[in-house]
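What follows is a short report on a single structure.
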Amino acid sequence: MIARWFVAALLVGLAAAAANADGPPTRIFHIGIVSGSPRSHPANVAFEDRLRELGYVEGRNLTIEFIQDSDVGRLAAATAELAGRGFDVMVIGPDAALKAAFTATAARSTPIVFRAVDYDPLAKGYIVSLAHPGGNMTGVVFQQPELIAKRLDLLTQAVPHIVRIVLLYNVTGADQRDAATSAASALATPLEAIELRSLPYDYEQVLAGTARGDALVVTASPFERSSPAAEAALRHRLASIGYQRQLAEAGFLMSYGPRITDMFRLSADYVDKILKGAKPADLPIQQPTKFELLVNLKTARLLGFTIPPAILARADEVIE
């Protein structure tokens with residue numbers, strides 16, 4: 001009898017151990033992502049890489065619904081529709097999409113992380129303060145109006161004989177346009193601001209009126225792809241500076257700004273904290289503290305420019 005009881009108890013114990021080894025069912029988190037760039041963009045890839053490092057693997061404990069559209073109107077409409085699907089977190093970049101989520105009643109209870117946004121969420125009323133956002137939004141921002149003035153300064157140092165600056169911006173870059181206009185005035189350099197309105201942007205037509213001695217500066221919003229803009233700048237022999245390294249890598253003379261991939265990785269940390277129970281209202285807004293200057297010497301040689309040693313010494317990377 002004792003032997004039978006012992007065997008039965010042993011079998012029950014083994015079954016319980018096996019059940020415990022399997023553990024409780026894995027919770028599957030649902031994330032909605034709204035982006036102005038394709039999922040294959042290096043910054044989006046960096047975001048998902050960071051999620052995997054934090055233990056979130058699509059198909060195992062994570063589902064991602066990714067929406068991308070370079071058309072502002074369509075993206076806003078898609079965001080409003082997405083907001084009603086009950087995601088654990090929504091991750092949003094473009095201002096039009098964030099505004100749509102902010103105004104959608106269905107999104108009021110959904111935590112929202114904005115990533116690498118180049119507009120002021122406080123001025124737009126999305127948050128209460130940088131330290132204590134309040135509501136259901138938090139994330140990573142960088143102040144482009146301040147940075148675009150720095151870009152103009154760097155470009156005029158690198159190419160001292162600039163006659164005129166041509167600035168390309170779109171509807172979301174009006175604050176950067178105003179900052180660039182003030183900076184150009186301080187540098188005593190004429191500036192022509194050209195608004196890009198319909199996709200795909202025709203850079204050849206936009207730059208048709210440029211001449212030798214002109215320079216090209218772009219805001220942080222107008223480009224659906226880097227290469228066409230860089231190729232057009234080279235064909236028109238324009239000294240050019242952009243806001244992210246991909247532009248310099250594509251052929252712009254220079255780029256200056258934060259590393260966007262790092263900011264996207266940081267936004268994944270926000271997602272992790274929220275999925276673990278943190279409230280967006282209590283997570284302070286973060287801004288980049290490190291900025292990188294890239295100089296493309298290949299482009300400089302093609303344009304016949306000699307970059308001053310002082311600029312090369314300041315560069316974080318020189319593309320040969």
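Numbers for residues simply follow the sequence, beginning at 1. Computation of the quantities below employed the complete heavy-atom set of this structure, encompassing side-chain atoms and omitting hydrogens, waters and symmetry-equivalent molecules.
Counting heavy atoms from C-beta on, the side chains of Leu75 and Gln68 never come closer than 4.5 Å. Two residues are said to be in side-chain contact when any heavy atoms from C-beta on lie closer than 4.5 Å; Val128 and Pro133 fail this criterion. Side chains of Gln157 and Arg314 form a contact here, defined as non-hydrogen atoms less than 4.5 Å apart.
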side-chain contact (heavy atoms from CB on, under 4.5 Å) between Leu130 and Gln287: does it pass, once the steps are laid out? CA-CA 10 Å; Leu130 296 178; Gln287 301 184 62; 3.8 Å; yes
Given the rule in the side-chain contact (heavy atoms from CB on, under 4.5 Å) test, do Val217 and Val166 qualify, once you have shown the distances and angles that lead to the verdict? CA-CA 6 Å; Val217 178; Val166 176; over 6 Å; no
Evaluate the side-chain contact (heavy atoms from CB on, under 4.5 Å) criterion for residues Val271 and Tyr56: first the C-alpha distance (whole Å), next the side-chain angles of each, then the deciding distance (0.1 Å), finally the verdict. CA-CA 10 Å; Val271 172; Tyr56 303 97; 6.0 Å; no
Determine, step by step, whether Asp214 and Ile162 satisfy the side-chain contact (heavy atoms from CB on, under 4.5 Å) criterion, reporting the C-alpha distance in whole Å, the side-chain angles of both residues, the deciding distance to 0.1 Å, and the verdict. CA-CA 6 Å; Asp214 286 349; Ile162 291 174; over 6 Å; no
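We find that Glu58 and Arg39 are joined by a salt bridge, their nearest charged nitrogen and carboxylate oxygen being less than 4.0 Å apart. Ion pair Asp49/Arg265 not flagged as a salt bridge, since none of the NZ, NE, NH1 or NH2 atoms sits closer than 4.0 Å to an Asp/Glu carboxylate oxygen. At a threshold of 4.0 Å, the pair Lys124-Asp95 counts as salt-bridged, since one of the basic side-chain nitrogens sits closer than that to a carboxylate oxygen. Using a 4.0 Å cut-off between charged nitrogen and carboxylate oxygen, Lys273 and Asp282 do not count as a salt-bridge pair.
Minimum interatomic distance between Ser267 and Phe264 (heavy atoms only, all atoms of both residues): OG-O, 2.5 Å. Of all heavy-atom pairs spanning Asp269 and Arg50, the tightest one is OD1-NE, 2.8 Å. For Gly135 against Ala281, the heavy-atom pair with the smallest separation is O-CB, 3.5 Å. The minimum heavy-atom distance linking Ala232 with Tyr203 is given by the pair CB-CB, 3.6 Å. Across all non-hydrogen atoms, the minimal contact from Asn61 to Gly55 is ND2-O, 2.9 Å. Listed here is the closest heavy atom pair of Pro280 and Thr138: O-CB, 3.6 Å.
Here Arg197 pairs with Glu195 under the salt bridge (charged side-chain N to carboxylate O under 4.0 Å, His left out) rule; sequence neighbours left out. Not counting sequence neighbours, the partners of Tyr126 by the ring pair (Phe, Tyr, Trp, His ring centres under 6.0 Å) test are Phe102. Shown here are the side-chain hydrogen bond (donor to acceptor under 3.5 Å, both in side chains) partners of Asp316, two or more places apart in sequence or in another chain: there are none. Looking at residues two or more places apart in sequence or on another chain, you find a side-chain contact (heavy atoms from CB on, under 4.5 Å) between Thr299 and Leu234, Leu253, Asn296, Leu303. For Glu292, the side-chain hydrogen bond (donor to acceptor under 3.5 Å, both in side chains) test picks out Arg245, Arg259, with sequence neighbours left out.
Within the 3.5 Å criterion, the main-chain N or O of Thr306 finds no donor-acceptor partner in the side chain of Arg301. Judged by distance alone, the side chain of Ser182 and the main-chain N or O of Asp178 form a donor-acceptor pair under 3.5 Å. Using a distance-only test at 3.5 Å, with no hydrogens or angles considered, no donor-acceptor pair links the side chain of Ser185 to the main chain of Thr181. Asp88 places no side-chain N or O within donor-acceptor distance of the main-chain N or O of Ile31, the cut-off being under 3.5 Å.
Counted by atom type alone, Ser37 and Asn44 present one or more donor-acceptor pairs between their side chains at under 3.5 Å. Looking at His236 and Glu204, their side chains do bring a donor and an acceptor atom within 3.5 Å of each other.
Connectivity analysis of hydrophobic side chains (ILVMFWY, heavy atoms under 4.5 Å, direct or indirect) links Ile28 to nothing; its cluster partners are none.
Cation-pi geometry between Arg151 and Tyr243 is not satisfied (NZ or CZ under 6.0 Å from the ring centre, within 45° of the ring normal).
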